[in-house]
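Hydrogens, waters and symmetry mates are skipped; everything else that's a heavy atom, side chains included, is used. Quantities reported herein were computed from a predicted structural model and do not represent experimental measurements.
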Amino acid sequence: MLWSLFKILLFVALVAALAFGVQWLLAVSGEVLITFNGSEYLLPPLVVVLGILVLMLVLWVVFKLAGLLIATLRFINGDDTALGAYFDRNRERKGYAALSDSLIALASGEPREAAAKAQKAEKYLQRPEVTTLVVAQAAEAAGETQRATEAWKTLVAHDKTRFVGVRGLMRQKLEEGDTETAMKLAEKAFALKPRHVETQDTLLRLQARDENWDGARRVLSAKLKSGSLPKDVYKRREAVLSLADARDQLRRGNVDKARAEMLEANRLSPELVPAAVLAARAHIEAGEKRRAAKVLKIARAKTAHPDLAAAFAEIEPDETPEARIKRFQPFLKVAPEAPETKMLEAELYLAAEDFPGARRVLGKLYETHPTSQSLSLMAAIERGEGGSEAVVRGWLAKALSAPRGAQWVCDTCGTIHADWLPVCTNCEAFDSLSWKEPPTGGTPAAVSSDMLPLLMGPAVPDAGSSDPVPSVSDDEDVPEAEEVPPSSSEVEPTPPHVVNPAVVGTTRDQDETVSPPRI
């Protein structure tokens, strides 16, 4: 709008200036004397100015007529420049019309028609950097892989279209599953255009899948410099790469290098659980117990993962269960309302054989957040308090179909993993695993009667009967506590099995059965 206003004002100013000039010429006194062929002519100034303008127009017309005459003479002498230019314009018009039809056919889902029109456009235009691209895309859409490959290779031969050709070949190799060749092509495309986001993401995914952590770091730095990656996401993914490298160094026996990488990973992303666990263990080995506890508390404020509790227990592996309960209080206060906190505290009380205390801290978690772990904890509490076999088996029966709770879940495809990995094993997405409950609750954990002695000690048969306690299977209906009252002839149950206090709340594998509380 401002530009339109400026043009209007400029036009008004020019008209005013012209009017002022004409008025000034009319007001000027005197005459112009012109002598031509012995004759003298007296002309007013305004007539002189108009005469000069008319002379300039006449000269312009004369030059145009002279150019037309020269072109006519050249055509008569056999120079077909003018005729050739006419046919060139006609051919170009037909070529662009065919190219337009090709693009419309490609967008309409008619790849064969698009390819035919693109070849026709190539015949008229002679511009392979434009038409061959349409041929390649149309051939891919029609499923003609060989023809598409030849078109992409043709594009690679031209400087202007080399990146497009390399990228097309890379996508073909990815679809064919040839990741080795695809990585080489991705590296070539990245060298041609380091700021191309899709190429960066593809190369980063392939390098992470191939465990090329140094190459992945270079791509990650390029993404940060190009502005396609926020600073906080960059630090998180750099921490993931450092953590993955630390694991590799540990497998190779490079302890010093691994320690430096795990500490760097924890510095970049303190909430990354695996990095916090490894960093805490490194501090424990160095005798830095306070630093280890601080690292674990910071990570727990974000994610109440059981591996953090296990590492916190390793700080004082030889303490008594009562001392452990006291030492864990600051750790438990970091996320007091989390279900994992209540189950962890219940495990601590079970290790101290304080079964009423375990029931108190667990509260109604088995109702508000029923999982296989919370229900198995109730089974252990009932067993420790002398509950009947029917009551204990009732809790275990509920644990059969209960969800497993939080697990490592891929945010991209939803695949559940038993352990944290930098790359999803299903969709190969990088840094996509989160500790959360699956949308469907995850696969229910399997519980069999073989696990009962581990949880409760050896099963005790009814007094006066030599038959063993029947097994609990998935197909049996197990009575609840209120449905089967305890028999007066039952033998007093044995105390629960207490496991090594050094392992607290470690993550269960995906195919693992429900295990007893481990304190």
Side-chain angles (χ1 to χ4, degrees), residues 273-274 300 302-310 332 335-348 350 358-359 361-383 391-421 424-427 432-452 454-456 472-481 499 503-519:
V273 171
R300 185 175 174 80
K302 183 70 175 179
T303 306
H305 195 283
D307 285 357
L308 299 173
L332 296 171
E337 300 301 325
E340 292 83 359
T341 300
K342 297 180 180 179
M343 290 187 288
L344 172 60
E345 192 170 6
E347 290 182 16
L348 294 171
L350 282 174
R359 182 186 292 275
V361 297
L362 193 62
K364 298 293 183 179
L365 190 63
Y366 57 88
E367 294 180 354
T368 59
H369 192 259
T371 61
S372 58
Q373 185 180 1
S374 63
L375 294 173
S376 63
L377 284 172
M378 284 302 301
I381 292 171
E382 290 288 349
R383 182 61 178 172
V391 174
V392 175
R393 289 176 182 274
W395 286 112
L396 292 177
K398 291 181 179 181
L400 286 172
S401 58
R404 296 194 49 169
Q407 301 173 74
W408 287 113
V409 182
C410 177
D411 295 330
T412 303
C413 65
T415 302
I416 300 174
H417 297 72
D419 192 13
W420 178 89
L421 295 171
C424 175
T425 57
N426 181 48
C427 65
S432 63
L433 268 61
S434 299
W435 181 255
K436 61 182 181 181
E437 294 191 14
T440 58
T443 304
V447 181
S448 66
S449 59
D450 297 336
M451 294 299 297
L452 294 179
L454 182 62
L455 179 65
M456 304 175 298
V472 179
S473 65
D474 295 348
D475 299 327
E476 290 181 327
D477 294 330
V478 181
E480 299 290 343
V499 195
V503 284
V504 179
T506 52
T507 308
R508 297 187 300 275
D509 292 335
Q510 186 172 356
D511 298 328
E512 183 181 337
T513 56
V514 172
S515 59
R518 291 182 286 183
I519 305 298

Nearest heavy atoms of [X] and [Y], plus distance in Å:
| X | Y | value |
| --- | --- | --- |
| Cys424 | Thr415 | SG-CB, 4.3 Å |
| Thr412 | Ser432 | OG1-CB, 3.9 Å |
| Pro438 | Val409 | CG-CG2, 3.9 Å |
| Leu350 | Ile381 | CD2-CG1, 3.9 Å |
| Ala418 | Trp408 | O-CD1, 4.2 Å |
| Glu340 | Ala304 | CG-O, 3.3 Å |

Nearest 0.5 Å, please: how far is [atom2] in [Y] from [atom1] in [X]?
| X | Y | atom1 | atom2 | answer |
| --- | --- | --- | --- | --- |
| Arg359 | Lys364 | CZ | NZ | 9.0 Å |
| Glu367 | Leu375 | CD | CG | 10.5 Å |
| Glu437 | His369 | CD | NE2 | 3.5 Å |
| Gln373 | Glu347 | CD | CD | 5.0 Å |
| Arg404 | Ile416 | CZ | CD1 | 8.0 Å |
| Leu396 | Glu382 | CG | CD | 11.0 Å |

Inset, instruction - State, yes or no, whether a side-chain contact exists between Cys427 and Cys410 at a heavy-atom distance under 4.5 Å. - result: yes
Legend entry - 4.5 Å side-chain heavy-atom contact, Leu365 and Leu377: no
Legend entry - Residues that Thr303 engages under side-chain contact (heavy atoms from CB on, under 4.5 Å), provided they are two or more places apart: Val273, His305, Trp435
Legend entry - Donor-acceptor contact below 3.5 Å, side chain Thr341 vs main chain Ala335: yes
